[in-house]
2 protein chains.
Amino acid sequence: MTAGNGRTATGSGAALGDTVAKVVRQWQTVHPGLDTAPMEIIGRVNRCAALLQQAEDAPLRRAGLTRPEFDVLATLRRTGHELTPSEIVRETFASGAAVTKRLKALTERGLVERRGDTRDRRVAHVRLTDTGRDLVDSVLPEQLSYETAVLSGVEADNRRELAVLLEELLIQLEGRLGVPRA
Amino acid sequence: MTAGNGRTATGSGAALGDTVAKVVRQWQTVHPGLDTAPMEIIGRVNRCAALLQQAEDAPLRRAGLTRPEFDVLATLRRTGHELTPSEIVRETFASGAAVTKRLKALTERGLVERRGDTRDRRVAHVRLTDTGRDLVDSVLPEQLSYETAVLSGVEADNRRELAVLLEELLIQLEGRLGVPRA
DNA sequence: AGCAGGTGTTTTACTCGTGAAATATCTCCT
DNA sequence: AGGAGATATTTCACGAGTAAAACACCTGCT
């Protein structure tokens, strides 16, 4: 304990770092030599995601939307055309059951509309109503500027660099796990 | 549409990039000029977290544990001493109700024990049983080497760099949102 | 002493997501 | 034609998390 082996693998010998750095230090005292390197990435990604979600929810809640609901609306908006529920499942990475529920809620609120396919009566086509489109278009800029503010504490060059490195990671992860399409 | 403004802010003018890059391109065609920079970080962090959690669950499930349950056990292990439920709440960033449930489940499985405080009868003290400690000590290395494998697709230097940048981000986020301690 | 208000923990009621089964429809093969 | 098997979507039963209330106990003031 005490301040023994402070700079295990954190790099900057500066202060104490973030929560994950503390956890890593604790592990090093209990299991010295343990390869904790993956924690420094995966632990941080998880923790960042948790904190960001809390933060992000704020502007959306003002619009009466949950993040997954907004994802559905935004997906319809950015693709620019109707989507079937299955396509929404693939785009938003949610389960079919979840999408069904969300579409029901969004339909009841008049933000999306559905129509049956003329050829294949199994499939439905979902599109934004004018209200839904306007909602996305008004919330999205708020959301983005809020996010910009949240990230503003990180040096601009580092933000770019972080985006690039996260892309490299995500490409790997999607290759291994996500998108198992032929 | 088509391949018009491909390299909006992705950096490498290479292929198509990850899922987030695609989303960003879609937004640029619908709302040209929109500042989508935050998505490239926040969107990726969220998506990475989602994919990593699916992946990570695998080795833990083999041990019959969920990730949050393992977090409780690991917290007890790395601190090296008993913790009260409140302390576990603070360490694991879970709600009080969730911790109560998890402790109940872990107690029933004989992985943790509780005792009442002698001075203050409101507080409980939770500690790992021998079985619980052994379980953590056997699962953790598996978990870490699994995670190492998952990350192995990213260049070693980039992994270090990514850890450093995520730490910078997390310090900002924790300063703004988490740890609101005096 | 005795009570007002604070803190630690659990309980309650509810929401939301999930996997698997159910339903409806289509497609292809014979 | 007709049915076996595939596909799109919804329904069902349940597990897990949450916020807020409840509960139990402590502390400090009068």
Side-chain angles (χ1 to χ4, degrees), chain A residues 46 49-51 53-58 60-61 64-72 75-76 82-109 112-127 180-182, chain B residues 46 49-51 53-54 56-58 60-61 64-73 75-76 82-109 112-127 180-182:
Chain A
N46 286 331
L51 287 173
Q53 265 168 351
Q54 281 193 326
E56 280 179 281
D57 279 0
L60 296 179
R61 280 209 192 289
L65 291 172
T66 66
R67 158 63 55 169
E69 282 170 347
F70 180 73
D71 280 349
V72 171
T75 301
L76 287 165
E82 295 181 332
L83 293 173
T84 68
S86 321
E87 286 168 338
I88 296 175
V89 163
R90 281 189 287 273
E91 287 288 329
T92 65
F93 306 103
S95 73
V99 168
T100 297
K101 284 187 184 180
R102 280 167 206 155
L103 289 177
K104 193 171 143 203
L106 293 172
T107 305
E108 280 165 4
R109 278 196 260 170
V112 305
E113 286 172 345
R114 20 190 346 157
R115 69 172 180 83
D117 188 291
T118 38
R119 304 296 181 88
D120 187 338
R121 281 182 301 189
R122 288 171 305 179
V123 334
H125 294 269
V126 181
R127 72 180 154 209
R181 58 182 65 171
Chain B
N46 286 332
L51 286 175
Q53 266 168 352
Q54 281 193 327
E56 278 181 283
D57 278 0
L60 295 179
R61 282 209 191 290
L65 291 171
T66 66
R67 159 57 62 166
E69 282 171 346
F70 181 73
D71 280 350
V72 170
L73 298 181
T75 301
L76 287 165
E82 294 182 332
L83 293 173
T84 69
S86 321
E87 286 168 335
I88 296 175
V89 164
R90 281 189 287 274
E91 287 288 331
T92 64
F93 306 103
S95 73
V99 169
T100 297
K101 283 186 183 179
R102 280 166 207 157
L103 289 176
K104 193 168 140 202
L106 294 171
T107 305
E108 280 165 3
R109 279 198 261 168
V112 305
E113 285 173 345
R114 19 190 347 156
R115 71 174 178 81
D117 189 291
T118 38
R119 302 296 180 87
D120 187 337
R121 279 181 304 188
R122 286 171 305 182
V123 336
H125 295 270
V126 181
R127 72 180 155 206
R181 57 182 65 171

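Chain naming here is simple, since letters A, B, ... match the order of the sequence lines and numbering starts at 1 in each. Only a predicted model underlies this, so the values are computations on that prediction, with no experimental measurement involved.
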Shortest non-hydrogen contact between A/Pro85 and A/Val99, atoms and distance = O-CG1, 4.1 Å

Taking N or O atoms only and anything under 3.5 Å, show me the protein contacts with nucleotides 25-29 of chain C, one pair per line.
{"unit_1": "C/dT25", "atom_1": "O2", "unit_2": "A/Arg122", "atom_2": "NH1", "d": "3.4"}
{"unit_1": "C/dC26", "atom_1": "OP1", "unit_2": "A/Arg119", "atom_2": "O", "d": "3.2"}
{"unit_1": "C/dC26", "atom_1": "OP1", "unit_2": "A/Arg121", "atom_2": "N", "d": "3.0"}

query = Can you give one letter per nucleotide of nucleotides 12-19 of chain C, 5' to 3': B if a protein heavy atom sits under 4.0 Å from the base, S if only from the sugar-phosphate, - if neither?
reply = -----BBB

ask   = Taking atom P of C/dG8 as reference, at what distance in whole Å does atom NE2 of B/His125 sit?
value = 12 Å

Distance, nearest 0.5 Å, that separates CG of B/Leu65 from CZ of B/Arg102 = 12.0 Å

task = In whole angstrom, give the distance that lies between atom CG of B/Leu103 and atom P of D/dA16.
result = 15 Å

query = About how many Å separate CD1 of B/Ile88 and OG1 of B/Thr75, when rounded to the nearest 0.5 Å?
reply = 7.0 Å

message = Rounded to the nearest 0.5 Å, what separates atom CG in B/Leu60 from atom CD in B/Glu69?
response = 9.5 Å

message = What is the separation between atom CZ on B/Arg67 and atom P on D/dG15, rounded to the nearest whole Å?
response = 23 Å

Separation of D/dT10 P from A/Lys104 NZ (nearest whole Å) = 10 Å

Watson-Crick or G-U stems involving DNA chain D, each at least 3 pairs long, distances under 3.5 Å, ordered by first number = C:1-30 with D:1-30

key: Nucleotide D/dA8, atom P - distance to CZ of A/Arg114 in whole Å   = 15 Å

key: Atom pair CZ (A/Arg90) and OG1 (A/Thr92), whose distance is rounded to the nearest 0.5 Å   = 10.5 Å

message = Please report the interatomic distance OG1(B/Thr118) to NE2(B/His125), rounded to the nearest 0.5 Å.
response = 7.0 Å

task = Could you grab the distance from atom CZ of A/Arg127 to atom CG of A/Leu83, nearest 0.5 Å is fine?
result = 12.5 Å

ask   = What closest approach, in Å, do B/Ala124 and B/Arg114 show between heavy atoms, and which atom pair accounts for it?
value = CB-NH2, 3.6 Å

query = Between B/Asp120 and B/Arg122, is the closest basic N to carboxylate O distance under 4.0 Å?
reply = yes

A/Arg119 atom CZ: more than 12 heavy-atom contacts under 6.0 Å = no

request  = Mind calculating the distance between CG (B/Leu106) and P (D/dA16) to the nearest angstrom?
outcome  = 12 Å

note = When rounded to whole Å, the CD to C1' distance for the pair A/Glu87 and D/dT7 reads 14 Å

